[in-house]
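Small disclaimer: the values here were computed from a predicted structure and weren't measured. Note on naming: letters A, B, ... go to the chains in the order of the sequence lines (proteins, then strands), and numbering restarts at 1 for each one.
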There are 2 protein chains.
Amino acid sequence: MRVKQPPRTRLSADARERLIARGAVAFFCEAGFGGQTRELAKRLGITQPLLYRYFPNKEALIDRVYREVYLNRWDPRWEELLDDRSRPARERIVAFYRDYAKAVLSYEWIRIFMFSGLRGMNLNSRYLTLVRDRIYTRVIRELRREYGMPSPAEVPIGEMEFELMWALHASIFYIGIRKWIYGLEIPENVDEVVENLATAFLDGVPAVMAKALKPAAKAPRRAPRPRG
Amino acid sequence: MRVKQPPRTRLSADARERLIARGAVAFFCEAGFGGQTRELAKRLGITQPLLYRYFPNKEALIDRVYREVYLNRWDPRWEELLDDRSRPARERIVAFYRDYAKAVLSYEWIRIFMFSGLRGMNLNSRYLTLVRDRIYTRVIRELRREYGMPSPAEVPIGEMEFELMWALHASIFYIGIRKWIYGLEIPENVDEVVENLATAFLDGVPAVMAKALKPAAKAPRRAPRPRG
DNA sequence: AACGCGGGTGATCGGGCGATAGATAGGCGG
DNA sequence: CCGCCTATCTATCGCCCGATCACCCGCGTT
């Protein structure tokens, strides 16, 4: 006797492809890219060979996952927000990080980001270069302006200033790592924590930046630089 | 004619086991735990079945890697260092983080830590609970003392204080992530960066802690607290 | 010199998993 | 209502990889 199979649902090629792509994101960010195509198919309620009608091989599926996750997450309004000088700089920066945290502190983003990094993709470095060029530079520029310091055009942004930005970025991103990679409990209202981190950063940064902008007041960091 | 094989080197069981264990750490932290036993054997210059003479299966090998990495990294002197009240608290804390960073910012530690987290091991959470209970509490205790605030026995450590510690931890750990997971360039002298992060933290923390210790001065974070 | 213990190897098995090929059936155009 | 297109399925291939087994051989002991 034939066992009653769940009825073979027939979708348009477009719809099915989108379903597979979305399912692949959910699956691979949980199981890692070592996850098996049979398992993915089972979760989608389809047979495994059907995946190969829409994607030539597993690698293409993974590429699609990358594109799905990396591309659809960048909000161009972030840059506008940071540039909008009708609002105080501090307010803009805090608003930005509140928003950025909301976009980035998700199970999918955090895990895919880690998996792709560990896999040796250069997607991470490309993405983070974007963050540095589009966000960090803007924040530093606006902060310098706020505190009456020379603009980046006059005095280029120093390594230590970027490190400060990295530290803020890290303290926010790590909340997601704690939750979705280590499986630790995190505070109920992440929003408040992010806001505190951003404001604490803004309170602490001028002193450090001022110090970094006066390199003369500081011992040269390494001796053997025999230059005229 | 027999091809000259690399001479079958015969070691004592102990020596061989240690060699395999060390090689497994190096191999798996690079390739991930999906790395193949044949590849590991090749790097060790032995045949793959020999692995199974010393370890019953791949999982046991991985367990050994965990033990190798997780256990040998905790320095009990850290706690003594933080407790040593003959030195100023700030100095102790900066010294600790300089040392801790040196221990933790290594290719092996960072990657194994991430891999084991993504694999769903609870080793990470166990380790980090240790860090919280042994380090964070100590740092907060000493800082409170330094700034004339009530001791943890009087006023328990609040969530926001722990979040501050997490932020510092994150900003240091993330340096390793940037380098060994994302493959990004990091500053030449990490020591200086870590020291700056620690001192900036120490400069910024009293204000935030003071605020956190006066919950009355702050709006209750959730409405349903009907108060006069 | 003979022996045997134990470290090391070659050959191979069995299951798992990516990928393919040919059969089947849903649904639209006529 | 027929016929075709194509989305989906069943069956299977071939390789990879963890694991096993039988055998080899160098060294210490007697």
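- Distance alone, capped at 3.5 Å, places no donor-acceptor pair between the Arg92(A) side chain and the Leu81(A) backbone.
- Computed from coordinates, the Phe28(B) CZ to dG18(D) C1' distance equals 11 Å when rounded to whole Å.
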Check residues 178-185 of chain B and write down every donor-acceptor pair under 3.5 Å in which the side-chain atom is one partner and the other belongs to a residue at least two apart or another chain.
{"residue": "Arg178(B)", "atom": "NH1", "partner": "Glu163(A)", "partner atom": "OE1", "Å": "3.0"}
{"residue": "Arg178(B)", "atom": "NH2", "partner": "Glu163(A)", "partner atom": "OE2", "Å": "2.8"}
{"residue": "Tyr182(B)", "atom": "OH", "partner": "Tyr174(B)", "partner atom": "OH", "Å": "3.2"}

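- Whole-Å rounding puts the Leu44(B) CG to dT9(C) P distance at 11 Å.
- Under the side-chain contact (heavy atoms from CB on, under 4.5 Å) criterion, Asp14(B) pairs with Ser12(B), Arg18(B), not counting sequence neighbours.
- Within 4.0 Å of Gly35(B), counting heavy atoms only, lie sugar-phosphate atoms of the nucleic acid but no base atom.
- As rounded to whole Å, 12 Å separates atom P of dG10(C) from atom CD1 of Ile46(B).
- The separation between Phe33(A) atom CZ and dG18(C) atom P is 14 Å, rounded to whole Å.
- Shown here are the side-chain contact (heavy atoms from CB on, under 4.5 Å) partners of Ser116(B), two or more places apart in sequence or in another chain: Tyr66(B), Tyr70(B), Met121(B), Asn124(B).
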Return all side-chain donor-acceptor pairs below 3.5 angstrom for residues 37-56 of chain B, not counting sequence neighbours, or 'none' if the list is empty.
{"residue": "Thr37(B)", "atom": "OG1", "partner": "Gln48(B)", "partner atom": "NE2", "Å": "3.1"}
{"residue": "Arg43(B)", "atom": "NH1", "partner": "Glu30(B)", "partner atom": "OE1", "Å": "3.1"}

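- Contacts with DNA chain C (heavy atom under 4.0 Å) in residues 48-56 of chain B: Pro49(B), Leu50(B), Arg53(B), Tyr54(B), listed by number.
- Put simply, the side chain of Asn122(B) never gets that close to the backbone of Ser125(B): no donor and acceptor are under 3.5 Å apart.
- A donor-acceptor pair under 3.5 Å is absent between the side-chain atoms of Arg132(B) and the main chain of Leu128(B), judged by distance alone.
- Taking side-chain N and O atoms only, Thr37(A) has a distance below 4.0 Å to OP1 or OP2 of dG18(C).
- The stretch residues 10-26 of chain A touches DNA chain C through Arg10(A), each having a heavy atom under 4.0 angstrom from the strand.
- Although no hydrogens or angles enter the test, the distance criterion places a donor-acceptor pair under 3.5 Å between the side chain of Asp84(B) and the main chain of Ser86(B).
- The distance between atom CD of Glu39(A) and atom P of dA19(C), rounded to the nearest whole Å, is 17 Å.
- Residue Arg38(B) contributes atom CZ, which lies 13 Å from atom P of dA11(C) at whole-angstrom precision.
- Between Ala103(A) and Ser106(A), the shortest heavy-atom distance links the atoms O-OG, 4.4 Å.
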